Amino acid sequence: MSFRPLDRAGIAARIARDIPEGWFVNLGIGIPTGVSDHVPLDREVIFHSENGVIGAGPAPAPDQVNPYLVNAGTQHITLRTGGAFVHHADSFAIARGGHLDLCVLGAFEVSETGDLANWARAPDEPVKQVGGAMDLAIGAKRLWVAMEHITKGSGGSRLRRVCSYPLTAKGVVKRVYTDLAVLDVTPEGFRVIDMVPGMTPALLQEKTEAKLHWA
Amino acid sequence: MSFRPLDRAGIAARIARDIPEGWFVNLGIGIPTGVSDHVPLDREVIFHSENGVIGAGPAPAPDQVNPYLVNAGTQHITLRTGGAFVHHADSFAIARGGHLDLCVLGAFEVSETGDLANWARAPDEPVKQVGGAMDLAIGAKRLWVAMEHITKGSGGSRLRRVCSYPLTAKGVVKRVYTDLAVLDVTPEGFRVIDMVPGMTPALLQEKTEAKLHWA
Amino acid sequence: MIDKFVADVPAALAGIADGAVVLLPGFGNGTPETLVEGLIAQGATDLTLVANSGGRDTGPTADLLATGRVRKLICSYVRPDSVAGRLFAAGKMELEIVPQGTLAERLRAAGAGIQAFYTPTGADTLLAEGRETRIINGRNCLLEYPLAGDVALIDAWEADRWGNLTHRESARNFNPVMAMAAKLTVVQTRHVLPLGGIPPQNVHTPGVFVHRVVHVPGQETTP
Amino acid sequence: MIDKFVADVPAALAGIADGAVVLLPGFGNGTPETLVEGLIAQGATDLTLVANSGGRDTGPTADLLATGRVRKLICSYVRPDSVAGRLFAAGKMELEIVPQGTLAERLRAAGAGIQAFYTPTGADTLLAEGRETRIINGRNCLLEYPLAGDVALIDAWEADRWGNLTHRESARNFNPVMAMAAKLTVVQTRHVLPLGGIPPQNVHTPGVFVHRVVHVPGQETTP
């Protein structure tokens, strides 16, 4: 019995499949940024960027770069026809006010109660990189997480009964996409809704600290 | 000894004299509305209107009326070159955030501690007309009041030790312009800084419930 | 393809339920008159209406109030001599008076996810009676809560199929903040533009706040 | 005649005192680089700097921090490998981390006269430790206070003599909210327009928030 984990682009593509036309979506830095590459332009999904961009489009050709137009990762982007610019407070009014159909963030850990840890690996970490994650986490209608199932270094599971890292927000994650599976966060805990081909329930549970539930 | 009270336009003109170029000013309904007529256009004073108008100008010629452009009294106005439009929350951010150099409001009564009463004549008045007065009163850098010194009906003084009408805001009025005098509100109470020709201190005090002070 | 345009006013207003909180912009102009007529025809009752004022004896607000289907009016002022004034005096309608700036800010708070805020406006007045207050930096402040709508009826000058809007001059007034404060935001627009027809730096209300748009060309007004 | 233009950068920055709270916009772009250079030359020290991030190893924020004249940095994130990261790690600079949306909202609150507000952002996190919280509608919220500047350094694309501004694309970012949040708002603009050159419905930052403007034509960038 063998399985093939998704690579980062594969996780992004898997997420993209689940985003219907018409959704208004914010993509965090890391794996989530790649999601938009897998949404065909004729499926109209509107991407929001924290720095006041509504309707973020693909990267420009090198000779078409507009230095005044970047995304939340400060990468040069284009604006889709129909997009708009707002200032930072209005941009976060959008994020915090429940107007995003979806936000996809990376994470260090997610707990079975939907707690998200994605900004610091220790309470006393000397440097703090919060950015807009706490705002997005509490504000979006749906928060999905994209991350590897297992921590690269220690091999520990990122799907936890309780997060060991400092929280970004409590009880906010609705779904997790990993290189091995897709899991909904439900009142009873993680419920597996998809696995990569070749993966088995027993093996997935073995690689997961939290208890898994099955549909 | 005779004196001539100012008429309403006279009060407005007296106020206009004291507004220097460059101030950003909101004018309330009633006597204050007339103030802008007495500020020459080459003295650049920028008038704000609660409904999102920055740089309100004079009334248009009858054949030049723009139905989409009114002031806070819903009168047709023009926009001065250099003016701008904002939405209602931004307009009141301007008013409440301390960005108005001056607001001039009408009033029923002002107390010697600067309390303003201009929205209801009795606590149980069945109909309430607050509008934007409470916001303007707490937010402007300077609040001046324009009103007749004496109530028309009862002949009572509108400058009180304590307001008898429901308050609009507490301790906010900086100066009062009446048909008889100009008075600053100071820590010791009303201080007379100007009177109409022929008015005497004794007569003005006689017409004023609050104790007057003199520079 | 995202297309927020609907065929007609009944389609735009479909599903507005009895008991709904209705946000209605306007300040001398900027009121979506055709949508209000449509709401009267649609028949929802037991409404809470949020507007700057209670209107006069005629006009959209007065017409809606005159149906008797507004249980409560939330606004910054009511003229004694108006439909609203008489309904309230007769005990036939509840009234909540909110200072105009607080009204705008409570709407924005609902749209922006702010759960409550402190403002000096209205502190030390009758409107503060029985309310929570707090002294911050020496100023007495009132605690104010967001004011969210079930539906906002919005007036626009131009709209595209993503729901991006512009508003004319002072007709902007409450339109952008009410658009962001409702679960369902319905727009009547004078003009329809192709997507991208509104320059992205000059959109007044982004389409993310808009759910349905109906074209109401109406009489062209000059200018 | 109102004319907010000043002759040069030193005139624009005159009077910024030691201990000032400096608001500095920018997010990949939209930072007023010439004004930052001017502030470094001007020499004010013991500053509190409010910015989205602590910057990198080069660039305006890093250059200002490298002078050692910033006592405290208030921002949403600091890169470990940056001037800011090293200054903080070495105990040479205080740091207050504020979630990005809360940062923008606290700036707006300062500009809008909001005395405090409740937000769910940051509740139940380390940032909430020792802070006042409150459960509103079942959500745990943090109480946040306005963040006002003594001076805001603003980047604009176009400006007129009343101080009306436009900003380019995403270079708008924090510029409008920081402009409204400071006692003294100083602008560097790429282009000077005659009064009325910016259409009144398309002003991004109204001149009422602006005190001084300096023309910094710089290198024309395409587009």
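Everything quoted here is computed from the prediction, not taken from an experiment. Chain naming here is simple, since letters A, B, ... match the order of the sequence lines and numbering starts at 1 in each.
Remark: side-chain polar atoms of A/Asn51 are not paired, donor with acceptor, to backbone N or O of D/Ser170 under 3.5 angstrom. Using modelled atom types, no side-chain atom of D/Asn173 and backbone atom of A/Gly52 make a donor-acceptor pair closer than 3.5 Å. Under a 3.5 Å cut-off, the side chain of A/Arg96 and the backbone N or O of D/Thr119 do not form any donor-acceptor pair. The backbone N or O of A/Leu167 lies less than 3.5 Å from no partner atom in the side chain of D/Asp124, so there is not a single donor-acceptor pair.
Taking NE2 from A/His87 and CZ from D/Arg108, the interatomic distance works out to 7.5 Å, rounded to the nearest 0.5 Å. Atom NZ of residue A/Lys170 and atom CG of residue D/Asn140 lie 8.0 Å apart, to the nearest 0.5 angstrom. The distance from the OG1 atom of D/Thr121 to the CZ atom of A/Phe92 is 9.0 Å, given to the nearest 0.5 Å. With values rounded to the nearest 0.5 angstrom, A/Ile138 atom CD1 is found 5.0 Å from D/Arg139 atom CZ. Note that the CG atom of A/Asp90 and the CZ atom of D/Arg172 stand 8.5 Å from one another [nearest 0.5 Å]. Interatomic distance, CZ of A/Phe85 versus NE2 of D/His167, reported as 13.5 Å (0.5 Å rounding).
Other residues, nucleotides and ligands contribute only 12 or fewer heavy atoms inside 6.0 Å of the NZ atom of D/Lys92. The number of heavy-atom neighbours closer than 6.0 Å to CZ of D/Arg71, taken from other residues, nucleotides and ligands shown, is above 12.
Heavy atoms of D/Leu103 lying under 4.5 Å from chain A are absent altogether. Heavy atoms closer than 4.5 Å to chain D are found nowhere in A/Ala84, neither backbone nor side chain.
Among the candidates A/Ala72, A/Ala117, A/Ser49, the residue making the largest number of heavy-atom pairs closer than 4.5 Å to chain D is A/Ala72. Contacts with chain A were tallied for D/Ser76, D/Ser82, D/Ala123, D/Gly30; D/Ser76 has the most, counting heavy-atom pairs under 4.5 Å. Ranking D/Ser53, D/Gly101, D/Gly28 against chain A, the residue ahead of the rest is D/Gly101, based on heavy-atom pairs under 4.5 Å. Of the residues considered (D/Gly54, D/Gly122, D/Ala104, D/Ala84), D/Ala104 shows the highest number of contacts with chain A, using heavy-atom pairs under 4.5 Å. Heavy-atom pairs under 4.5 Å with chain D peak, among A/Leu79, A/Asp115, A/Val53, A/Val86, at A/Val86.
Nearest heavy-atom pair across A/Ala169 and D/Thr125 is N-CG2, 4.4 Å. In terms of heavy-atom proximity, D/Phe27 sits nearest to A/Val70 at O-CG2, 3.5 Å.
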Test side-chain contact (heavy atoms from CB on, under 4.5 Å) on A/Met134 and D/Leu127 and set out the steps.
CA-CA 10 Å; A/Met134 290 184 181; D/Leu127 299 188; 3.7 Å; yes

Between D/Gln100 and A/His88, is a side-chain contact (heavy atoms from CB on, under 4.5 Å) present by the stated rule, with each step listed?
CA-CA 9 Å; D/Gln100 200 172 126; A/His88 235 90; 2.9 Å; yes

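The aromatic rings of D/Trp157 and A/Tyr68 sit perpendicular to each other, their planes meeting at more than 60°, with 30° as the lower class boundary.
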